[in-house]
2 protein chains.
Amino acid sequence: MDVFAEQGYSGATISEIERRVGLAAGTGSLYRHFPSKEALLREAVEYEVTRCRTEAESARAGLPHVGDPVERQVQRFRQALQDIQRFDRLFRLMLNDGARVPELADAVWTAVGRRVERRATSEEDVLDAIALTSLGGYHLFSLMQGRPFNGVPEEQLIRLLAELSNPGVAGRQPAAS
Amino acid sequence: MDVFAEQGYSGATISEIERRVGLAAGTGSLYRHFPSKEALLREAVEYEVTRCRTEAESARAGLPHVGDPVERQVQRFRQALQDIQRFDRLFRLMLNDGARVPELADAVWTAVGRRVERRATSEEDVLDAIALTSLGGYHLFSLMQGRPFNGVPEEQLIRLLAELSNPGVAGRQPAAS
DNA sequence: GTCTATAACCAGATAGAC
DNA sequence: GTCTATCTGGTTATAGAC
């Protein structure tokens with residue numbers, strides 16, 4: 001998964017993968033374990049998907065109950081960001097070689113935040129989309145910049161996002177007219 | 001640029017590039033125009049960067065002045081999203097092969113939204129980051145899903161983002177204690 | 001289960017005819 | 001400026017010794 005996510009499918013060489021798992025590079029020893037490069041990719045993706053799902057689930061299991069609605073949102077968004085970070089390698093693979101593993105997209109989106117099929121226009125839907133896209137964009141942009149995006153710390157982004165997402169508490173009013 | 005953005009640097013073949021520009025594939029005719037694949041990439045990136053910058057600038061030039069602060073934000077964000085869409089191929093290249101063209105990152109970030117060097121923690125900074133990351137995440141997630149992310153239309157996302165970004169107007173109050 | 005040797009292939013790149 | 005032909009090296013993949 002590391003090599004596929006870093007180099008993309010075509011950039012990843014069997015030799016490099018052999019090297020990273022401790023096999024002599026360029027010997028084809030990998031083919032005693034997997035029939036082809038494509039088969040290896042599919043098995044790697046499948047393994048990674050279940051690994052991420054399991055981790056995400058157990059992370060949520062040990063979470064204390066929070067009463068305050070804003071704090072509850074903070075907790076939700078922190079989990080969402082951690083999900084995104086966990087799925088990082090799958091996200092990158094989806095962007096680079098999405099067509100190569102068609103079932104990947106479905107697996108990721110159902111795991112991260114269930115995919116909405118209909119046209120979603122309610123304020124709640126859009127608010128939810130803002131939070132998810134902001135966290136996802138923050139993760140990807142931070143990756144590209146090699147540090148927290150534009151110098152904004154993770155926790156601050158989450159807090160403000162949580163405050164904005166609580167219309168009931170903050171009393172934000174819809175646009176005039 | 002199309003081939004590099006779609007397939008990544010290693011996935012892009014000279015033959016495919018030749019095919020798309022109308023040369024016979026596999027003949028190496030491309031090498032009468034560029035000395036190497038790497039040189040082609042660098043020139044393609046340079047060309048694309050100036051193209052995007054120019055387009056972004058002229059799009060902003062023809063914009064009417066807007067008085068209402070929320071509407072002004074809507075206009076700003078719409079431009080930002082269009083910038084991101086314009087820079088799409090460069091973004092993808094940055095994610096896939098960022099290390100290959102080091103100067104690419106700087107060029108893109110100064111063009112899209114100037115890069116903030118210091119640690120940015122003021123509410124204004126974070127609000128700005130939310131807008132940018134949300135628009136960027138929306139673009140990338142929509143790409144991955146192959147349609148508007150989670151069924152949320154572009155314009156709705158922009159409007160709500162604009163409303164949220166105007167603390168003065170909406171009277172949102174900071175979180176209690 | 002790993003390595004040696006090697007096959008088959010394809011990609012990047014070059015020289016030269018037209 | 002384009003194509004033919006070709007070289008070279010690297011990549012996937014296989015057969016067989018240990």
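For the numbers below, each heavy atom of this structure counts, side chains included, while hydrogens, waters and symmetry mates do not. Residue numbers begin at 1 in each chain, while the letters A, B, ... track the order of the sequences.
Remark: A:Asp68 engages no residue in a side-chain hydrogen bond (donor to acceptor under 3.5 Å, both in side chains) (not counting sequence neighbours). With sequence neighbours left out, the side-chain hydrogen bond (donor to acceptor under 3.5 Å, both in side chains) criterion links A:Ser122 to A:Asp125.
Aromatic ring pairs are classed by plane angle as parallel below 30°, tilted from 30° to 60° and perpendicular above 60°; the pair A:Phe141 and B:Phe91 is parallel.
Regarding A:Gln7, its CD atom lies at a distance of 11 Å from the P atom of D:dT11, rounded to whole Å. Atom CG of B:Leu23 and atom C1' of D:dT4 are 15 Å apart (whole Å). Look at CD on A:Glu18: it is 11 Å from C1' on D:dT11, rounded to the nearest Å. Going from atom CG of A:Leu41 over to atom P of D:dT12 covers 12 Å, rounded to whole Å. Following rounding to the nearest Å, B:Leu30 (CG) and D:dG1 (P) show an atom-to-atom distance of 12 Å. For the pair A:Arg19 CZ and D:dG10 P, the interatomic distance rounds to 12 Å; values are reported in whole Å.
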Would you be so kind as to tabulate the donor-acceptor pairs closer than 3.5 Å made by side chains of residues 55-65 of chain A, with sequence neighbours excluded?
{"residue": "A:Glu55", "atom": "OE2", "partner": "A:Arg51", "partner atom": "NH1", "Å": "2.7"}
{"residue": "A:Ser58", "atom": "OG", "partner": "A:Glu55", "partner atom": "O", "Å": "3.2"}
{"residue": "A:Arg60", "atom": "NH2", "partner": "A:Asp83", "partner atom": "OD1", "Å": "2.9"}
{"residue": "A:Arg60", "atom": "NH2", "partner": "A:Asp83", "partner atom": "OD2", "Å": "2.2"}

Distance-only criterion, 3.5 Å: show the donor-acceptor pairs between side-chain atoms of residues 8-19 of chain B and protein atoms not counting sequence neighbours.
{"residue": "B:Tyr9", "atom": "OH", "partner": "B:Glu38", "partner atom": "N", "Å": "3.3"}
{"residue": "B:Thr13", "atom": "OG1", "partner": "B:Glu16", "partner atom": "N", "Å": "3.1"}
{"residue": "B:Glu16", "atom": "OE1", "partner": "B:Arg19", "partner atom": "NH1", "Å": "2.5"}
{"residue": "B:Glu16", "atom": "OE2", "partner": "B:Arg20", "partner atom": "NE", "Å": "2.9"}
{"residue": "B:Glu16", "atom": "OE2", "partner": "B:Arg20", "partner atom": "NH2", "Å": "3.4"}
{"residue": "B:Glu18", "atom": "OE1", "partner": "B:Gly26", "partner atom": "N", "Å": "2.9"}
{"residue": "B:Glu18", "atom": "OE2", "partner": "B:Gly28", "partner atom": "N", "Å": "2.9"}
{"residue": "B:Glu18", "atom": "OE2", "partner": "B:Ser29", "partner atom": "N", "Å": "2.9"}
{"residue": "B:Glu18", "atom": "OE2", "partner": "B:Leu30", "partner atom": "N", "Å": "3.1"}

Base versus backbone protein contacts along nucleotides 12-18 of chain C [heavy-atom cut-off under 4.0 Å; B, S, -]: SBB-B--
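Every pair tested for ring-ring contact (aromatic ring centres under 6.0 Å, His included) that includes a residue from residues 19-59 of chain A fails, sequence neighbours excluded, so the list is empty.
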